[in-house]
Number of protein chains: 2
Amino acid sequence: MAKTTIRDVARLAGVSPSTVSRSLRGIGGLSAGTVSRIKEAAEHLGYSVSPAAYRLATGRTGTVAVVMPYITRWFFAELLGGLEKAVREGGLDLLLYHVGDTAMRQQYFSSGLLRKRVDGVVLVTLALTEPEVAALRALDVPVCMVGAAVEGFSSIRIDDVESARSAVQHLVNLGHTDIAIISGDPHEPMHFTVPLHRRAGYHEALASAGLMARPELEAHGPFTVEGGYSATVKLLGRRKLPTAIFAECDEMAFGALRALERVGLRVPEDVSVVGFDDHPMSSYFGLTTMAQDVADQGRLIGERLVEAVMAPAEPRPVQLNAPTHLVVRHTTAAVGRRPERRSGPAGGRTRPSPSKLPPGGDEQPAGPPELTGARQRRKETIP
Amino acid sequence: MAKTTIRDVARLAGVSPSTVSRSLRGIGGLSAGTVSRIKEAAEHLGYSVSPAAYRLATGRTGTVAVVMPYITRWFFAELLGGLEKAVREGGLDLLLYHVGDTAMRQQYFSSGLLRKRVDGVVLVTLALTEPEVAALRALDVPVCMVGAAVEGFSSIRIDDVESARSAVQHLVNLGHTDIAIISGDPHEPMHFTVPLHRRAGYHEALASAGLMARPELEAHGPFTVEGGYSATVKLLGRRKLPTAIFAECDEMAFGALRALERVGLRVPEDVSVVGFDDHPMSSYFGLTTMAQDVADQGRLIGERLVEAVMAPAEPRPVQLNAPTHLVVRHTTAAVGRRPERRSGPAGGRTRPSPSKLPPGGDEQPAGPPELTGARQRRKETIP
DNA sequence: GTCCACTACGCAAGCGCTTGCGTGAACCGA
DNA sequence: TCGGTTCACGCAAGCGCTTGCGTAGTGGAC
């Protein structure tokens, strides 16, 4: 059972291997009777074509690679989920490559680790060097990118600059003038562009509001809770305190909230915070944030790649633009005053006694945090 | 460049393809001069063996599959990260399979989707049926499991029962007698065993403390923040309120904290909460939890699989036991009284004025939450 | 100088599948 | 009834690599 070949099927069906191949491959010119006899025999023997032989004969691997700099971080895991689904539904296998550092990038791109191994590849948030792009082109397979774009490759991305600008504009609209940013380190070795773009959007918003960009309002750290925490601590140690903080991603915003809480600053009364991504925990924190649908981006680019891999002639690359929209929750308020209405103790400020527990009845109709806590929610969608 | 074959190399080096193959493969019996000439030629041409041909000729795929029911959830993403690293370092490729529902399981196991496609597979937290086990054995490749164990397969897992028991025992030790559990749905279709085991540990702890298991202290939900939130809401809607809650995973615990906060119950003054996993955000919440090192489990089982795949004769399967340990933070306290000493506003109770900001100096030595907020931390390690 | 045991390498047969080309049989109209 | 199509399928040549076996060439022992 483990090693039935096409010949076994052919023999059982009383035909030649080539006929079996054609039948299984759905190539015409076969009589209906033969086809069904073959299908039956194949089924009976539990036959499945040997991928290795198929690959060698056709040159097609039926496999695509996804290479990403992180796996465990929310954005990447989420994207991978959407991608896997699309690729699987397209009938392709998904090879996972993690590029931890620049040395590994060398391996993956320059040396042909991917060569002859995949029919397509998707790169996630990788800012490629010229040699890397050249190596990728030499692969001669469709390449898709998310969070970046290169001439000749399909891509999907949000408009980081405009989205960040819009997030910061929200703070401006609330009257804030001392708006800080906690951003990714602009000098990390992988040269991610996301931090750069979001920072640019921050500066754009400031400029268009006639505000000066002041270095003491900027702090860096990795895109993690701890990164946001320590960046905020840096911010708080400086002379001038901001009344609002723009975090380049939600994880950093969580860290910021934590740091603010620890020094006794209230959010949003003392400091407004806006994040970026709409991480699932954001609704939990009531975090105002610029939302994007990451799983959907994975799905879309996955479908695009499947299409390109399957198509006889490679279709023109497309540059997709994923939408973002501001989700206003409870971490932002007009400068200097309390938010208009708060739904319950969302900020942990008021503490009703336990007697305010929901009245009896086993199935209290209290939905998830997002639903019940979204009184003053609002959306603004960007292209 | 994209299609240099072994023959090109052979020609350049002035030898036969078989000699090139032996040389590249490191098989002895070749003169040093020939070897270096071949290496040089190969390098010059940028040659790399065709995986497809290699596979067809040897029957080895150089690839392993990891199949998991979730990708985006923390545990799985984390595990995948450790796994990928180990597998990559072992020189193997990693194929990612997501089994969403039981129908897909059918596909993956019964139909030989994996057959002839991989040299090994690792299953994550999948409770296999007999036919599935049989299908897996029929693959005739090493199989590794995490979070489960099957005779003949290597595995790594924590002791869920004992760890859960120990977590609940912590609550018992604090004097709690009304201890609730929010657990995974025992009747979900995938038959995950983790919720079952952790629930069993909960019951063991109760029993050994002479406490009755009361159904009104149990609520179910998926292993997510929202699952924990809604399960807790159910709990709070019942007649008798618990003084402590054991959440089967940290995400659920986060949801529980949120639900408690929303009804004005203080943690840990009114209700203690203990989670399971030590999710990175747990230190952020000050959550007391039963910690496990998931990435390390991925690494270990990955190395194990590599070993088994590479070995000429398959080594005996091993059952690894990963340790867990209780991390006591700020969400648990003795029943009916305030915690002894709290480090700052960790629970969000006291609100010092902004004047209590860290004194000047740009680099306040305030580490990540874990470090500065761990005054009353303690560890207990389980085998 | 002969014989033998190595050494270092080439030959060729696969691995299991695809596919261009070729061919016998069935089928058509005349 | 017959030549020409069309249909349905078989042949065999690869795809690029590995490997068991065979064999020139080399060196040493006699």
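Just so it is clear: chains get the letters A, B, ... in the order the sequence lines come, proteins before strands, and each one is counted from 1. All of these numbers come straight from a predicted model, not from anything done at the bench. For the numbers below, each heavy atom of this structure counts, side chains included, while hydrogens, waters and symmetry mates do not.
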Does [N] have OP1 or OP2 under 4.0 Å away from a side-chain N or O of [X]?
X: S50(B); N: dG16(D); value: no
X: T19(A); N: dC9(D); value: no
X: R22(B); N: dT18(D); value: no
X: R55(A); N: dC15(D); value: no
X: S21(A); N: dT18(C); value: yes
X: Y47(A); N: dC17(C); value: yes

Rounded off to whole Å, could you give me the [atom1]-to-[atom2] distance for the [X] and [N] pair?
X: L56(B); N: dC15(C); atom1: CG; atom2: C1'; answer: 4 Å
X: Y54(B); N: dT18(D); atom1: OH; atom2: P; answer: 7 Å
X: I6(A); N: dC15(C); atom1: CD1; atom2: P; answer: 14 Å

Nearest listed nucleotide, side chain of [X], among [options]:
X: S31(A); options: dG10(D), dT18(D), dA8(D); result: dA8(D)
X: T58(A); options: dG16(C), dC9(C), dT19(C); result: dT19(C)
X: A57(B); options: dG10(C), dG16(D), dT18(C); result: dG16(D)

Do the side chains of E43(B) and K39(B) get close enough for a salt bridge, i.e. N-O under 4.0 angstrom?
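Between K39(B) and E43(B) there is no salt bridge, as every charged N stays at least 4.0 Å from the carboxylate O atoms.
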
Ion pair E303(B)/R299(B), N-O distance below 4.0 Å:
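Yes.
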
Using the closest heavy atom to pick a nucleotide of DNA chain C for each, name whichever of V15(B) or S48(A) lands nearer the 5' end.
V15(B)

Residues from residues 34-43 of chain B sitting under 4.0 Å of DNA chain C, heavy atoms only?
T34(B)

Is the base of dC11(D) touched by the side chain of S18(A) through a donor-acceptor pair closer than 3.5 angstrom?
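Yes, the side chain and the base share a sub-3.5 Å donor-acceptor pair.
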
For S18(B) and S21(B), which I'm curious about, is there any donor-acceptor pair between the side chains at under 3.5 Å?
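Looking only at side-chain atoms, S21(B) and S18(B) do not form any donor-acceptor pair under 3.5 Å.
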
